[in-house]
Structure formats: C-alpha cells, structure tokens
Protein chains: 2
Amino acid sequence: MSADPSARRGIPDATVARLPEYLRALTGFAERGITSVSSEELAAAAGVRSAKLRKDLSHLGSYGVRGVGYEVDHLAYQISRELGLTQDWPVAIIGMGNLGHALAAYSGFATRGFRVVALLDQDSHLLGQEIAGITVQPMDALTSLAEQGLAIGVIATPAASAQDVCDQLVAVGVRSILNFAPCVLVVPEDVDVRKVDLSTELQILAFHEQRRALAAEGALEHVTLEPINSAVGR
Amino acid sequence: MSADPSARRGIPDATVARLPEYLRALTGFAERGITSVSSEELAAAAGVRSAKLRKDLSHLGSYGVRGVGYEVDHLAYQISRELGLTQDWPVAIIGMGNLGHALAAYSGFATRGFRVVALLDQDSHLLGQEIAGITVQPMDALTSLAEQGLAIGVIATPAASAQDVCDQLVAVGVRSILNFAPCVLVVPEDVDVRKVDLSTELQILAFHEQRRALAAEGALEHVTLEPINSAVGR
DNA sequence: TAGATTGTTAATCGATTAACAATC
DNA sequence: TAGATTGTTAATCGATTAACAATC
C-alpha cells in the first residue's frame with residue numbers, strides 16, 4: 001500500500017474493531033517503558049496472530065521498520081489518529097438506573113478521546129441529583145446539548161424506552177449511538193448504532209457450555225469438539 | 001439439511017451470535033399474541049435480511065412450513081434448546097464495584113437460563129453486604145461454589161485483577177467467562193472468554209464519526225461514504 | 001389448484017492465514 | 001554483509017446474498 005496517507009481508504013470493519021485492542025496493548029508497553037515492539041510481541045499482547053496484526057496495520061500505512069519492528073509511541077499515535085481519538089468527543093448518557101449510574105462512574109469513558117458532558121433521565125425525581133460530579137438533567141436538555149456539540153449518545157434505559165430515546169437523539173443530530181438496552185433500534189442509514197448486550201453474550205456462552213456438556217457425555221458421537229478459544233487468535 | 005437432529009452439527013459462530021436476537025424477537029411476537037410469523041416478518045424484527053435468517057435457521061433444522069411460515073412458540077423453543085437455555089446455568093459475578101453492582105441488579109441475568117448464585121469480592125469491607133438480595137462472599141468461596149456447580153464467571157473487576165480472577169475461575173473448573181475488564185485474558189484453549197468492552201465500542205463509534213466529519217469537510221475527495229448502518233442488515 | 005413461503009443452491013464477497021520477497 | 005522483521009501476495013476459509021426449486 002502507498003505511503004501517501006490520502007490513499008488510505010476503506011479500512012475493513014474487522015480491522016477497525018481490533019485497533020482499540022492494539023492501542024491498549026501499545027499503551028501497556030509504553031507504561032512499562034518499552035519503546036519498540038515486533039509484530040510478534042504486539043500480536044501476542046493483543047491476543048491475535050502476527051500475520052493478522054501486520055495485515056491490519058498495513059491498512060493504516062507503513063509505520064514499521066523492516067528488521068526492527070514498530071516504535072511504540074509512534075504507532076500508538078497513528079492508531080489514535082485513525083480512530084479519531086486525537087480529538088474530544090462529547091458523550092451523553094441517557095437513563096440513570098443502575099447501569100447508567102455505573103457507566104457514569106466507569107473509567108472507560110475517562111479514556112482519552114471521550115468526555116461525558118451530560119447525564120439525562122426522564123424520571124423527574126432523579127433530576128438535579130449529582131452522579132460522578134455531573135448533575136442529572138431532563139430529556140429537554142438534549143436540544144441545547146446538541147447545539148453545543150454532542151457526538152455520541154449512550155442509551156442505558158429499559159428496552160421499552162430505548163427506541164423513543166434513540167429517536168430523540170437522531171432528531172437533534174446525534175449519529176453515533178451506543179445501545180445497552182436489549183432491543184434492536186431502527187435508525188436512518190447514516191446513523192451508527194453499536195450494541196452492548198449482556199444477555200446475548202451469556203447466551204452465546206451457554207451455547208458453547210452446553211456443547212461441551214453434550215460432548216462430555218458422548219451425545220455428539222461424530223463430533224470432535226473444536227477448541228473454542230485460544231490465547232492467540234479468535 | 002436432514003431433519004435428523006443428530007445430524008445438526010457445527011453451527012457457524014456468526015449464526016450462533018444472532019440466535020439470541022431471533023429469540024428476543026420471537027418473545028416479542030409471542031407477547032403480542034402472534035402465533036405465526038414469516039421469515040420476512042421475523043427478520044425485520046431482528047434487524048437482518050430474510051435470506052440470512054432462513055440460512056441461519058436451516059442450520060438448526062427444518063422448523064418452518066413452506067407457504068405458511070414459522071410457529072412462534074415452537075421456533076422459540078427450538079432456539080432456546082439449541083442455545084442451552086432450557087437448563088439453568090449458575091453464574092457468579094466477581095468484583096462488586098459500580099459495574100458489578102449494576103450487573104447484580106441487571107435484569108439481563110434474570111432471563112430464563114441464568115441464575116446468579118454468588119457475588120464475590122476480594123475487598124474485605126464489602127463482604128457480608130447484601131446486593132440485590134445476595135450476600136457478597138470472599139474469593140475463597142469459589143471452591144465450594146464450583147463443587148455445587150458453577151458454569152459461568154462474570155469478571156467485573158479492574159483490569160489489574162482480571163487475569164488473577166480469571167486464573168482462579170479456570171482453576172476451579174469454570175470454562176465460560178464473560179469479561180468486562182478492559183484487558184485480554186490468557187486462558188487454556190478449552191475455556192471460552194467473551195468480552196464486553198465499553199471503550200472499544202466507543203472507539204469504533206469515534207472512527208466512523210470522524211470519517212463522517214472528514215467526508216463532510218471534503219477531506220476524503222475520492223471516497224463515497226458508505227452507509228454505516230441500516231435498519232435491516234448489518 | 002393457485003398462491004405463498006420455506007430451505008437450499010451457487011455466486012459473491014470479505015476475512016484470515018502462511019509464506020516470502022523486500023529491505024532495514 | 002548476515003540476520004531479522006516488515007509489508008504484501010496468493011490461497012483458503014467462512015459469511016452473505018439473491019434466486020429459485022420444493023412444497024405446504
């Protein structure tokens with residue numbers, strides 16, 4: 001691939017999804033004072049194979065040195081830039097139940113690149129309460145928040161209100177939504193919804209757990225049970 | 001595919017990951033008193049295309065009726081059975097910070113198939129406290145829990161303790177782990193780890209958000225911006 | 001039977017992997 | 001130069017999709 005940055009286009013979704021993990025691994029190396037890593041070392045830390053890592057990085061540009069490896073800080077910066085973490089994205093969390101409360105306090109938001117600018121709830125008796133140093137506002141506040149710039153909406157309401165809240169976010173121009181409610185959201189095609197779903201994850205685990213149990217009792221005679229996971233690769 | 005259930009083998013990972021969504025959609029239909037659906041209707045409710053839904057279901061067996069559709073209750077049962085939800089999986093949550101607290105109270109666990117049997121924390125001043133009706137126990141309790149049967153461990157500790165907790169779970173025989181800590185866990189290959197990671201999801205959103213911003217200001221001249229998401233398909 | 005809809009086929013698309021030429 | 005490691009190629013693998021024969 002060309003070294004010309006303007007030629008870098010169309011990074012595969014699967015690659016984008018792994019960049020955060022690479023960035024995290026690089027941060028870990030930097031904290032331990034390591035300034036240079038090979039694709040083999042970085043891949044091991046990120047839990048993938050080195051061929052996949054190199055292929056992924058090749059989509060961003062050519063940031064390694066043959067025979068040497070990657071400079072930790074430089075590669076971390078390039079990945080950060082590609083992910084858009086060199087700027088700040090204002091985030092609003094909607095729904096201040098147990099989950100929203102935990103999210104407001106969660107350090108994941110505190111990572112570089114994101115700033116929780118508002119906590120919203122439609123329940124009037126939560127309004128004015130302070131959570132993690134931020135005052136809970138009513139849903140009406142969305143319009144003025146959007147005017148000040150709001151990039152990401154996090155939906156932590158019950159499933160029954162999620163679509164309504166989503167529609168309100170879309171109406172004020174928010175195009176990136178992280179949905180914790182266990183339901184499918186319908187959005188215009190230029191809106192990006194990602195979903196974090198506990199019970200889906202549990203059910204996927206249950207599937208494999210059952211599979212092992214059946215294999216153990218010999219119910220699946222003709223099946224050799226595949227490794228489900230391994231330290232590298234996935 | 002054969003109607004013989006013993007011939008149903010090797011359901012693709014991508015299909016397994018969608019089964020919970022189909023099940024949820026079916027539950028929704030059942031609640032509204034709808035007893036029969038076409039692949040078109042069910043697919044729309046689950047946010048996929050009908051061809052994908054039919055292909056997915058074909059891996060489970062032949063549970064539809066040509067010219068008619070699927071019987072809601074029957075298909076829901078078959079998917080539940082395939083996912084292993086017709087039995088109860090004992091779950092332990094480890095780490096009773098904000099997140100663990102929210103998880104303990106979260107209704108996602110209350111869905112059929114899972115039962116939170118223990119809350120654990122290594123912090124001695126949380127011990128004995130009751131959260132969501134369950135008493136917090138020390139990590140030592142893991143051994144006896146495992147003897148009584150423990151299928152799934154949910155790690156809600158800080159990243160720094162996650163690998164240690166994971167090792168303890170693996171040591172007592174737990175082979176299904178849901179990791180909320182932002183780190184890669186190293187496990188034997190017969191252990192299944194799934195990860196729920198807030199900041200990874202945010203970073204993926206940021207990538208697309210930045211992409212839209214750059215496209216809007218014309219920085220990506222040669223790129224037509226692809227739809228990022230749509231109501232159907234993904 | 002006529003109309004409807006499934007289950008399957010075959011083509012396409014995208015992701016992964018191993019191997020190695022390029023090159024520090 | 002000799003050794004090491006990247007970036008890329010090409011083969012493989014798996015997932016998606018549209019179309020349609022099977023069949024209720």
Side-chain angles (χ1 to χ4, degrees), chain A residues 1-5 7-19 21-22 26 34-44 46-72 74-75 78-79 226-227 229-230 232-234, chain B residues 1-5 7-19 21-22 26 34-44 46-72 74-75 78-79 226-227 229-230 232-234:
Chain A
M1 170 154 293
S2 163
D4 173 10
R8 291 180 285 99
R9 288 293 87 85
I11 300 178
D13 285 349
T15 295
V16 173
R18 284 186 292 265
L19 293 181
E21 200 59 69
Y22 300 155
L26 285 166
I34 295 165
T35 58
S36 174
V37 286
S38 67
S39 62
E40 203 64 58
E41 294 164 326
L42 182 53
V48 300
R49 289 184 196 285
S50 66
K52 189 188 267 185
L53 171 74
R54 290 198 301 277
K55 182 78 170 160
D56 282 341
L57 294 183
S58 77
H59 290 111
L60 311 193
S62 187
Y63 299 127
V65 179
R66 286 166 140 102
V68 177
Y70 301 88
E71 211 250 300
V72 170
H74 182 62
L75 185 56
Q78 294 297 344
I79 294 177
E226 300 288 313
N229 183 27
S230 68
V232 286
R234 186 65 154 141
Chain B
M1 169 155 293
S2 162
D4 174 10
R8 292 180 284 98
R9 287 294 88 85
I11 299 179
D13 285 347
T15 294
V16 172
R18 284 186 293 265
L19 293 181
E21 201 59 70
Y22 300 155
L26 285 167
I34 295 166
T35 57
S36 175
V37 285
S38 67
S39 62
E40 203 63 59
E41 293 165 325
L42 182 54
V48 300
R49 290 186 195 283
S50 65
K52 190 188 268 185
L53 171 73
R54 289 198 302 277
K55 183 77 171 160
D56 282 341
L57 295 184
S58 76
H59 290 110
L60 310 194
S62 187
Y63 299 129
V65 180
R66 287 165 140 102
V68 177
Y70 300 89
E71 212 250 300
V72 170
H74 182 63
L75 184 56
Q78 294 297 344
I79 294 177
E226 299 288 315
N229 182 25
S230 67
V232 284
R234 187 62 155 144

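Computed from heavy atoms alone, side chains included, the values below leave out hydrogens, waters and symmetry copies. A note on names: the letters A, B, ... follow the listed sequences, proteins ahead of strands, and every chain is numbered from 1.
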Quick one: which of [options] gets closest to the side chain of [X]?
X: A:A51; options: C:dA18, D:dT6, D:dT17; value: C:dA18
X: B:R18; options: D:dT16, C:dT6, D:dT6; value: D:dT16
X: A:P12; options: C:dC24, C:dA15, D:dT16; value: C:dA15
X: B:K52; options: D:dT16, C:dT17, D:dC24; value: D:dT16
X: B:S62; options: C:dG7, D:dA15, C:dA15; value: C:dG7
X: A:K55; options: D:dT6, D:dT8, C:dG7; value: D:dT8
X: A:R66; options: C:dT6, D:dT5, D:dA15; value: D:dT5

> What integer distance in Å separates A:L42:CG from D:dG7:P?
Replying inline: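 Atom CG in A:L42 sits about 12 Å away from atom P in D:dG7.
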
> Roughly how many Å is it from OH in B:Y63 to C1' in C:dT8, rounded to a whole number?
Replying inline: 17 Å

Taking 4.0 Å as the cut-off, does a side-chain nitrogen or oxygen of [X] come that near to OP1 or OP2 on [N]?
X: A:R54; N: D:dT9; value: no
X: A:Y70; N: D:dG7; value: yes
X: B:S39; N: C:dT5; value: no
X: A:S38; N: D:dT5; value: no

>> If you assign each of B:D13 and A:G64 to its closest nucleotide in DNA chain D, which residue comes earlier from the 5' end?
In response: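 Nearer the 5' end of the strand: A:G64.
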
> Which ranges of DNA chain C pair up as stems, where a stem means three or more consecutive Watson-Crick or G-U pairs with both distances under 3.5 Å?
Replying inline: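 Runs of three or more consecutive pairs: C:3-24 with D:3-24.
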
> Just by distance, with hydrogens left out, do B:E40 and B:S50 show a side-chain donor and acceptor under 3.5 Å apart?
Replying inline: yes

